[in-house]
Amino acid sequence: MNIIIPIKQVPETSNVKMDPETGTMIREGLVSIINPLDLFAIELGIVLQEEAGGSTTVLSMGPPKAAEALREAMAMGCTDGILLSDRKFAGSDTWATSYALAQAIRKNGDFDLVICGERATDGDTGQVGPGIAAWLDLPVATYVSRLVENRPGSLVVERLVEDGYETLEVEKPCVLTVVKEAAYPRLPTLRGKQRARKTELPVWGAVDIDADPAALGLKGSPTRVVKINTPKVTRSGDIRTAGDPAELEAAVDDLVAYLEKIDLV
Amino acid sequence: MQDYSGVWILAEQRHGTVQTISYELLTRGRALADTLGVPLAAVILGPTDDAGLDELIRRGADRVIIADAPELAEFLPEPYTRTMAHLVKTHQPEIIIAGATSSGRTLMPLLAITCHAGLTADCTGLDIEDETGNLLQTRPAIGGNIMATIKSPAHRPQMATVRPKSTRPAPADPARTGALIRETIDPELLKSRVKRLGFTPADADAANIQEAEVVVAGGRGLKKGDNFGLINALAALLGGAVGASRDAVDRGWIGYPHQVGLSGKTVSPKLYLCAGVSGSIQHLAGIKTSENIIAVNSNPEAQIFQVANYGIVGDLFEVLPLLIDKIKAKQAATAATV
């Protein structure tokens, strides 16, 4: 079973700065990690490959530094990595990103399954996974919370929806996006790290994936960032301190009174 | 591009019943359509009760476009995407708004690629740009640290998803009238490589968290999973659902369906009461439309107090048991006088 796992390198903290001119993130000086929600996709891929054999290829589009994220995924157990890096990809929205990733997946050859994280913690769109499915014209199951069965021509999965779990059978090859219930990510091992360091990591540009230049980067992106604001959410609330029993008593009494006032007690 | 005109909202049905998100979308869609001076259509896929279709018109739709093939009864990505792509090609709307639900967030990216359209996820604000008539889509990004306003100037339709509970449902006006357009869909478009084998309902409490009038939530300050008993007890007393911060879910104290925040569910209850929740930006973004926010936290600097209407800086293991006792006493007293 050959599995492709598209991942994204994201800034670790939420304290990131934006460039007010371009409306893009200032990435310099930030500690970068694998998008935490991609770890569940990586783990599920490794588990499947351990059971069924084949390969797990992590794929990331980003600056050269994104190779770190790929090496880390390989240290967890992914067998191969591909870095998509080219200035022509810069400024891509989810439309152009999913196009480039889909082209790279095509170029890489036969595969049975693409597993994506639910969304990246920086962009927070959750659009690239389904986008890849659309470009590759593959069936997709989103919000997958459990892999039930790996059948010869299909996968049976559970999908988390608002009021429960759907059980779906999805024909292979297919695309899954997974939520955090789907797997318990392992830590990289020392042996894995050594192996990851030694494994060749190809770097592909726009030409290598036979991409239409008009569909790449900012130029290929239908959306434009118009402006960026920093939101403020503040209310002038009544904040009490319950430092001693008397204060505690009074604060809780007033809380009950508050609940009464809004007809909840 | 100028051939594209009119605003669409993508209504949702479950087992033939129109879902509340549809009425929230009508609030958004009506405002946009009025600004642009164009008609508003509600599009709904799958067999739907007639009463629900009428309700869409009473709540603001000028027309309802329905594709009621039985294959569309449940959300399946391929038939839904192909049907919508067909409808978009036929009617050419300039704007499509859908709920940021499990189905909306799946269908819209598939459709955006198919139609070569720009799509913005999880918008909290939608507006029309004065001179161009472009849709301005405002959304939180980078974990809610920033609000980005986005447009798709050169592509149509302009597509956006909107978080459930981020708007009030449009009120019904019994005098409103509108057209019902039934679309027949080519069976070829309704084929699916994904089959729905079954459905397991979530525990009722987790399922209801977005609908609940009261949400009582716990976070890392609970120290261990067993202590969610306090949260459960308080939620039961107030007739509310149980929520949790991402920290608590990541620690395995409670299931992901209970997670509140940007990476979980957005809630908008009458009362959001939380204990041991510090209030990360991601969490605050998921609760800020709540009518009343009450917080208990031992750290006076906790960000949650910045959004709380009422807060107690104290030990939740002292505050919650006392609160539970006092509410019980009050309820007993009320019951006695009735």
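The figures that follow rest on heavy atoms only: side chains count, while hydrogens, waters and symmetry mates do not. Chain naming here is simple, since letters A, B, ... match the order of the sequence lines and numbering starts at 1 in each.
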Above 12 or not: heavy atoms from other molecules or residues under 6.0 Å from CG of D212(A)?
yes
Given a strict heavy-atom distance threshold of 4.5 Å, which part of Q137(B) is in contact with chain A: side chain, backbone, both, or neither?
neither
Given that the side chain runs from C-beta out, which part of A117(B) has a heavy atom under 4.5 Å from chain A: side chain, backbone, both or neither?
backbone
I need the residue from D254(A), L155(A), L37(A) with the largest number of non-hydrogen atom pairs under 4.5 Å to chain B.
D254(A)
Please rank G118(B), G311(B), S280(B) by heavy-atom pairs under 4.5 Å with chain A and give me the top one.
G311(B)
When you check the gap from the basic side-chain N to the acidic O, do E171(A) and R193(B) get nearer than 4.0 Å?
no
By a 4.5 Å heavy-atom criterion (distance strictly below it), what part of L107(B) contacts chain A: side chain, backbone, both, or neither?
neither
If you take the centroid of each ring, where Trp contributes its six-membered ring, are W95(A) and H116(B) closer together than 6.0 Å?
yes
Sort L110(B) into side chain, backbone, both or neither according to what part of it lies under 4.5 angstrom from a heavy atom of chain A.
both
So, S298(B) versus D315(B): side-chain donor-acceptor pair below 3.5 Å or not?
no
Can you tell whether the side chains of E169(A) and R151(A) come within less than 4.0 Å, N to carboxylate O?
yes
Test: D210(A) and R106(A) ion pair at under 4.0 Å
no
Applying a strict 4.5 Å limit to non-hydrogen atoms, the region of A251(A) in contact with chain B is both
Would you mind telling me which of S103(B), G198(B), G239(B) has the largest number of heavy-atom pairs within less than 4.5 Å of chain A?
G198(B)
Side chain / backbone / both / neither for Q158(B) at chain A, heavy atoms under 4.5 Å
neither
Max heavy-atom pairs within cutoff under 4.5 Å with chain B, candidates V128(A), T142(A), V170(A), V156(A), goes to T142(A)
Which region of P201(B), side chain (C-beta onward) or backbone (N, CA, C, O), has a non-hydrogen atom less than 4.5 Å from a non-hydrogen atom of chain A, or is it both or neither?
both
Any salt bridge between R224(A) and D93(A), counting N to O under 4.0 Å?
no
Top contributor to chain A interface from L238(B), L119(B), V319(B), T114(B) [non-hydrogen pairs under 4.5 Å]
L119(B)
Determine, for Y258(A) and R240(A), whether the Lys NZ or Arg CZ falls below 6.0 Å from the six-membered ring centre while staying within 45 degrees of the axis.
no
Hey, what do you get for CZ (F40(A)) to CD (E43(A)), rounding to the nearest 0.5 Å?
10.0 Å
Could you tell me whether D38(A) and K8(A) make a salt bridge, using a distance below 4.0 angstrom between a side-chain N and a carboxylate O?
no
L316(B) and A275(B): which non-hydrogen atoms are nearest, and at how many Å?
CD2-C, 4.1 Å
Among I262(A), V265(A), I132(A), who wins on heavy-atom pairs under 4.5 Å with chain B?
I262(A)
Does the gap between the ring centers of F199(B) and Y165(A) come in under 6.0 Å?
no
Per-residue tally against chain A (heavy atom, under 4.5 Å) across M108(B), K270(B), E78(B), R139(B) peaks at R139(B)
Per-residue contacts, residues 172-186 of chain A versus chain B, heavy atoms under 4.5 Å
V179(A), K180(A), E181(A)
Per-residue contact mode, Y143(A) against chain B (heavy atom under 4.5 angstrom)
side chain
Which atom pairs, one a donor and one an acceptor, fall under 3.5 Å between side chains of residues 326-333 of chain B and the rest of the protein, sequence neighbours left out?
from, atom 1, to, atom 2, distance (Å)
K326(B), NZ, E249(A), OE2, 2.6
K326(B), NZ, D253(A), OD1, 2.9
Q331(B), NE2, L237(B), O, 3.2

Tell me which of these, S152(B), G314(B), P300(B), has more heavy-atom pairs under 4.5 Å with chain A than the rest.
S152(B)
